[in-house]
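Notes follow the structure.
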Amino acid sequence: MNTALYLKDVQLFLDHAKQTREPVTLTALKADGTLLQLDGWICISGWWTKGYHDFRSPVSGQIRKVRDVLIFNVNGHPVYI
C-alpha cells in the first residue's frame, strides 16, 4: 500500500513537478461529482492562494484546471486534507 500524503505535501510535490516538467498521474473530482483521471499530464502552473493547479496533456495539448482540495490520489498515493 502506498503512503498517504497530506494536501500541503501534494502542493509541494506539484510545484516541484512543475519546475522539472515531470508527468504526474492524479485523480480528482470535477464540479459535477464525476471523476477526472489525468494520466501522464504535466503541471504547468499553480496558485496556493487560489487553491488550484493547471495541467497540460502531452498528447493533445488540452489544459485542465484542478482545485487542490478535490485531488484525492497522486501517483498512486491517497491524499488527505
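- In terms of modelled atom types and a separation under 3.5 Å, the side chain of N2 and the main chain of G76 share a donor-acceptor contact.
- For the residue pair G40 and P23, the shortest heavy atom distance occurs at O-CB, 3.6 Å.
- Distance OG/S45 to CZ/R56: 9.0 Å, rounded to 0.5 Å.
- Without hydrogens or angle criteria, H77 side chain to T3 main chain gives a donor-acceptor distance under 3.5 Å.
- Closest approach of V69 to I81, counting heavy atoms only: O-CD1, 3.9 Å.
- The CD1 atom of I42 sits 7.0 Å away from the CZ atom of R21 when rounded to the nearest 0.5 Å.
- If you take CD on Q19 and SG on C43, they are separated by 10.0 Å, rounding to the nearest 0.5 Å.
- No side-chain heavy atom of F72 sits less than 4.5 Å from a side-chain heavy atom of L26.
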Q: Show your reasoning for whether side-chain contact (heavy atoms from CB on, under 4.5 Å) applies to L38 and T25.
A: CA-CA 5 Å; L38 304 179; T25 299; over 6 Å; no

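- Nearest approach of R64 to W41, heavy atoms of both residues: CG-CZ3, 3.5 Å.
- Taking each heavy atom of V79 and N73 in turn, the nearest pair found is CG2-N, 3.9 Å.
- Judged by distance alone, the side chain of T34 and the main-chain N or O of K30 form no donor-acceptor pair under 3.5 Å.
- In terms of heavy atoms, Q11 sits closest to H53 at O-NE2, 4.2 Å.
- Annotation for W47: hydrophobic cluster partners, listed by chain and number, are Y52 (ILVMFWY side-chain heavy atoms under 4.5 Å, direct or chained).
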Q: Start with the C-alpha distance between S57 and Q62, add both sets of side-chain angles, then the distance that settles side chain to side chain donor-acceptor pair (under 3.5 Å), and finish with yes or no.
A: CA-CA 5 Å; S57 169; Q62 178 183 15; 5.9 Å; no

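- The two residues Q37 and T27 have their closest heavy-atom pair at OE1-OG1, 2.6 Å.
- Looking only at side-chain heavy atoms (C-beta outward), I71 and V66 come within less than 4.5 Å of each other.
- One hydrophobic cluster holds both L36 and V10 under the rule that ILVMFWY side chains link at heavy-atom gaps under 4.5 Å.
- Looking at residues two or more places apart in sequence or on another chain, you find a side chain to side chain contact (heavy atoms under 4.5 Å, CB included) between F13 and E22, V24, V74, N75.
- The distance from atom CG of L5 to atom CG of L12, rounded to the nearest 0.5 Å, is 10.5 Å.
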**Q.** D15 and W48: CA distance, side-chain angles, deciding distance, side chain to side chain donor-acceptor pair (under 3.5 Å) verdict
**A.** CA-CA 10 Å; D15 286 344; W48 283 38; 2.6 Å; yes

